[in-house]
Structures are given as structure tokens and as C-alpha cells.
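What follows is one structure encoded as C-alpha cells, with my remarks underneath.
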Protein chains: 2
Amino acid sequence: MTDDDTTASRAGLKPGKRPTINDVARIAGVSKKTVSRVINQSPFVREETRVKVSAVIDDLGFTPDVQARGLAFRRSFLVGLIYDNPSPNYVVNMQQGVLDALRGSGLELVVHPCDRSNPALVSEIRAFVERQKLFGVILPPSVSEDEAVIDVLRELDCPYVRIASVSLDAPERMLVTNDHLGAAEAGRHLADLGHRRIGFISGPTLFRSSAVRGGGLRDALAERGVALDERLVVEGAYTFESGVEAAKSLLALDPRPTAIFTGNDEMALGVFKVARDMGLEIPRDLSVVGYDDLPMASRVWPNLTSVRLPIRDMGRMAAEKLLAPMRGLDPAKLDQPEVRPSLVVRDSATALKP
Amino acid sequence: MTDDDTTASRAGLKPGKRPTINDVARIAGVSKKTVSRVINQSPFVREETRVKVSAVIDDLGFTPDVQARGLAFRRSFLVGLIYDNPSPNYVVNMQQGVLDALRGSGLELVVHPCDRSNPALVSEIRAFVERQKLFGVILPPSVSEDEAVIDVLRELDCPYVRIASVSLDAPERMLVTNDHLGAAEAGRHLADLGHRRIGFISGPTLFRSSAVRGGGLRDALAERGVALDERLVVEGAYTFESGVEAAKSLLALDPRPTAIFTGNDEMALGVFKVARDMGLEIPRDLSVVGYDDLPMASRVWPNLTSVRLPIRDMGRMAAEKLLAPMRGLDPAKLDQPEVRPSLVVRDSATALKP
DNA sequence: CTGAAAGCGCTTACAG
DNA sequence: CTGAAAGCGCTTACAG
């Protein structure tokens, strides 16, 4: 088949130029408004017309110009991901999940890292959302918990979905992760291994999940008749270094805890380091359970027992909520399974020797 | 100051609606074309006029509509990052570097992971670039080495910058990382520690950097009078698992190598695992040097000696090349320092005991 | 150095 | 169910 056989050349389209809605209309013998209706899946098009126009669209390989549509709609086809989570693994998994949901929708993903300690945070987000007239925004923790940011999105009439460990908004704008459950599993695991003196290195209080995870641990232990000693609770910052500091203070106690649960894996590795420096062997002398199940959890020695959050799935589910109205679905009633963390048992926690 | 004092309300602008070029023109008492000239920094505007118009722009907080500009320019204000590197750390650092350069430019970053083994790779990239009419694209390895992808970008007249360990394109479209140098540093380090039987676990041949790093190692050893035994060279896949397999085969040799250099850190951790399983202690019984200097290099035990690539800087420099024409600069003559990897010496490689 | 007209490729609002 | 007109907010090409 030569170029001259294509519909494009038969219709006398300029080569090298993309076909427009006018070309489709002319060739299909309808008005451009009708083509527009077909593109936008309007029900007010006769089936026969729809088929005819669709055939021309496919034949020409026509795709509507996003800028022109955006200008007319006063809305772009870009989804923003605004995040302040410092873990590369978290960020990349989240991005991939969002992209999973966006695939085939014609929407693209624009990434926007931010820093909540930056005084210009809100004005920068405002400028970003307003300039790009974003189709919608996805907010993982902790920026999802920032009401000043949310206020701006509401004011700009920008759809959003928040991901958080507690319900902060209407169901159609929330994806709640059951962090209480994940921490509870970790707590039960340690209690069932016989541990009674259990240390907890929490995340920073800026993250709602820190308190939720602490609550999950506390409740699970209580369920087993074990009280969480508040003197064994230390606040970390979700970083390796903060894990080191917290572990030093916990392991300097006498008697020291026989097990430590950390709010994330980075801090668990800080515990590993301090234990090694003190000549303690994990898990023989100290059991450790982390949270996040980073790839390195299964690379370090001993392999780290950790709570896994399905981050990629979370990204996908949040994006699906954002797209639901476009697909004629009710985002509040989306049939999404609850996001449940699960404990991945490896070698860093073991039964307490009597 | 009340709302009624603002220029916007004095001029009778509708509240809640963003000011347009027409508002600026009317208030400044010029035509919209003149405002357009000011926005686009045309030299053909009298200084007095420029100042007057700029004042109104600032006063109104006017920012041009990106969709409308995009439609008229036939080009969006989006930079695409197309990548297939599987390392989350690499990806996030690269994104941050690109964003460093984009900050303040009004451009946004659209991420596009891809898979070179996907037969639809080229058509998907074409659709992405064509639909969004990208301002430009940045390509890290290995997709930067894919000529079919580059052909499409050329055909679509989409500016791009490639990042690679060898020069594959004109200087204004290339950021070359001196991987030969990085691997050579690793090689010299091991030779200087007295190692003679040195194993090399390379990356996949699909990555040009694999061969370049091997060459750097070989040349540095030769420089020290040490020959790289080709029987001690094994191809890995840049994954932990492939590092495990490669390490098994290398450490089963008799005599086994006294040191192993790996094409990346992931594979180095595979070596750690095998050594541990075999009862070999690093660095006493085996020295290991990695490449990438992932965050976990300083978390594992012993801390991993590794070659660091300034990935974030690379992202920034590549993006600066892409933006140079917009800033009236010549991208080929940009004053960018050469990208030089550097060896970060830690504890995983030590002097060979006689 | 400045401006009135036409156009970028779509959609909304209104008719029929 | 379908269409002609006007508009989204900018820029290009042409005058002056």
C-alpha cells in the first residue's frame, strides 16, 4: 500500500500536518460539532452517524488537540501528583500506580514535589494548579493532611483525591490506608513471639500515620494483655539518622527492650546499625520489625520483617477515584477493596528466649 | 487595603476570573499584540511601553494562559522525562535535577516510564510526544541509546537531550557521563590495595555503560600492570538476583577472586548475600566495590565502597541544555562542568593480606 | 515601534 | 438528532 492509498491523501490533507476536527467533519460529511459530540461520547448522536464518524477518525488516525480542547474546556488533561514523602521508593511506586490508572485515558502525569516547611508552599501549589488548570490532583501523605493546601484546591475548583491513614474528607476524595491494622499485625507478631518490653520508634508527629501506627501497636499489645510502656516510645523523623539516635536511647535503657518496632524501614536500619555497634545480634539479642517493606528489607542481613503497604495499588486506586466522574461512575461508590497493609515475616524478629 | 483598592476591581474585572491579555491591554492602553510582545520579550517594544505594560501585568498578577499560548505556538510548555532505568533512586534523583532546572521557567515535568522490550515502545512514545506537543524531552540511559526512539523525536521535530556514557549525538543534544573514569577509579583502588584476581559483574549489554565501565576497569588495571582475566567477567542484569547468580559462579572458582567490582550497587548486595551464605566475611575474605552509591550503600554492613554519579546534577544539566535556546544561549557552548563520577571509599574493600 | 485582522483547533450556547 | 455562529486566550503575518 502506497501513501496515495490512504484516506488522508485521498482527501487532500497536507502531509506532515496532523488532521484536525475540520478534516474529519469534511470527510465524514458532517459538521465539526457532530464530530465533537462523537469525541466526547455525547448520547445525542445517531448510531449510524457515530459509526461513520468513528470510522473516519480511525482511518485518519485523528486525535483531538489537547491544547485546543483544554482552551475550550478551561481545563487541561494533566493530573498532578503533589508529594512530600522523601522516600524514592514510595514516590516511584506511587507514580507507577497513578500511571497504571491513567494509561489509555489520554491524561498525563505531572510531578510536583514540595516541602511543607517552605513558607511559599501554598502559593507555589496555587500557581502550579492555576497555571496548568489541572484535571485533578493526587495527594499522598503528609501533604494530603495540609488543610491550607486543600483550601486552595477547593477555591480553584480543582478535583483532588487525598491519601491518608485517617478519613479527612468526603469518601469520593479520600483513599484511607488502614495503618492501624498494619501496626497491629506487627504488635501481635511481637507479642506472640513472647516479647513484653517492646520499644517503638515513631514517625514525626507531622505525619498522621505516626500516631495511627502507634495506636495500632498499642491496641494490639493490649489485646494480648501487654501494656506499651510509654518510656519505650521515642519520636523519630523517618530517616536513618533519626533511627540511629532513637535506637541509641532505647538500647541504653536497663533493662533494654527485647524488641523494637519502627515507623518505617529506614529507621529500622538505624536500629540495625546501633545494635551492631553495641555487639548485639539481631534477632538473637533484639527483634526488629519495620514498616514499608522497602526493596532493601530483603537485601539486608538479617532480612527485615516489615509491614507492606501496597503503594502502587494505592496510587492506582486514588487515580481511579479521580477519573471516575469522567467515566460516568460515582467515585464514592467505586468498588475498591480496602487498602490493607500486611506483615511480611522474615528473619529480624524471633521468639524471646526465656 | 481592601479589595476595592486593587487595580483589578478598579478596572472592573470579574472577580474569580483570571485576567486575560485583553484586560492587560485595555488597562495599559495598548493593543493585545503589544502585551504579547512584552510577554515574549520581543526587542521591538519601546522601553517606556514595556515598563508600563509590565507594571499592569504585575499589578493584575496576570500570567498567560498556557493552553492558549500552546495552541497558538503549536507547542506545549511541558518537558517529558522518558526513562527505563529501574532504580527508584535513580529516577527520583533525575526528576529532581530536571525540576531544579525548570523552576521559574513556567515549564512542568511530565514523567513517562517505558520498557524497551515492549514492541509498542516507539509508537507509544510517538503518541505521547505528538499529543502533548512537548516542549522537549530528556532521555537517560538506556532509552537514550535507542535510535528508533530518537528517529521519532527528530521526525516530530521535538527537541531532546540524551544522557549517555558515550557521545551519540551532537554536543547540544548530549550529556556525556564519564563512566570510564568512574570504573577506572574503582580499578585503581582495588589494584592499589594489592588485588590481582579481580572479578567483574557487568551490567547488561543493552546498556552502553556496561561496556564502558568494563573498559574503565580493564584500562586502569592494565595501567597498574594487572590483566583483567576475562574468565572473571560475568554479565549481570543490574538486579539483586542477577548479582546473586553472578557471585555464585565467580565465588565457586578455584582460586576465587579476592575482589569483585560490580556494575551497580544492587548487584553488589547480591555479592554480599552469597558471601554471607558461603561464610566469607567482607572485606576480610573478599573486597567488593559497587557503582551508583545508592543511599543503602551507607546503610548496609559493611558500608559499601561505591562509585558515585551526580545523578541530580545530570538531570539539571540536561534540562539546562534543553532550555538554553529559550534563554538565548547556545546549548553546545553551555558552560557545564564535565560529569565526573567519584569513588566513595567505605569499608567493603580492603588491602589484600599476603 | 505599534495595531487590526485572521487563525490556532476545539467547545458552549443557541437554534432548528 | 444536527449545525452555524461565537468564543476560549493567545500568536502569526501583514500593514503602517
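All chains are named by letter (A, B, ...) in the order of the sequence lines, taking the proteins before the strands, and each is independently numbered beginning at 1.
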In whole angstrom, what separates A:L71's CG from C:dC10's C1'?
8 Å
With a cut-off of less than 4.0 Å, is there a side-chain N or O of B:T34 near OP1 or OP2 of C:dG3?
yes
So do B:L78 and B:K133 actually touch side chain to side chain, heavy atoms under 4.5 Å?
no
Euclidean distance, atom NZ of residue B:K32 to atom C1' of D:dT11 [Å, nearest integer]:
9 Å
Tell me, with the steps shown, if A:D65 and A:T20 meet side-chain hydrogen bond (donor to acceptor under 3.5 Å, both in side chains).
CA-CA 8 Å; A:D65 183 288; A:T20 73; over 6 Å; no
Residue whose closest nucleotide on DNA chain D lies nearer the 5' end, B:N40 versus A:R50
A:R50
Pairing donors with acceptors under 3.5 angstrom, does anything connect the side chains of B:T63 and B:R18?
yes
Test: A:R103 and B:E124 ion pair at under 4.0 Å:
no
What is the distance, rounded to the nearest whole Å, between atom CD of A:Q67 and atom P of D:dG7?
23 Å
Send over the distance from B:K133 NZ to C:dC8 C1', rounded to a whole Å.
8 Å
For C:dT2, does either OP1 or OP2 sit under 4.0 Å from a side-chain N or O belonging to B:R37?
no
For C:dG3, does either OP1 or OP2 sit under 4.0 Å from a side-chain N or O belonging to B:S31?
yes
Pairing nucleotide - D:dA15, Watson-Crick or G-U, each distance under 3.5 Å
C:dT2
When you match B:A72 and B:P43 each to their closest nucleotide on DNA chain C, which lands nearer the 5' end?
B:P43
Of the listed nucleotides D:dC10, D:dT2, C:dG3, the one nearest the side chain of B:K33:
C:dG3
Assign A:N22 to base, sugar-phosphate, or nothing according to its heavy-atom contacts below 4.0 angstrom with the strands shown.
nothing
Atom-pair distance (CZ on B:F77; C1' on D:dG9), nearest Å
12 Å
Would you indicate what A:F73 reaches in the nucleic acid, counting non-hydrogen atoms under 4.0 angstrom: base, sugar-phosphate, or nothing?
sugar-phosphate
Phosphate-side-chain proximity, A:R69 and C:dT11, N/O vs OP1/OP2 below 4.0 Å
yes
Got a sec: does the CD of B:Q41 have more than 12 other heavy atoms crowding it under 6.0 Å?
no
Using whole Å, what does the distance between atom C1' of nucleotide C:dC10 and atom CZ of A:R75 come to?
17 Å
For the pair made of CG in A:D65 and P in D:dC8, what is the distance, rounded to whole Å?
18 Å
Please tell me which of B:A68 and B:F44 maps to the more 5' nucleotide of DNA chain C, matching each residue to the nucleotide holding its nearest heavy atom.
B:F44
Within the structure, does a side-chain N or O atom of B:T49 lie under 4.0 Å from either OP1 or OP2 of C:dC1?
no
Tell me: CD of B:Q41 to P of D:dT11, nearest whole Å?
12 Å
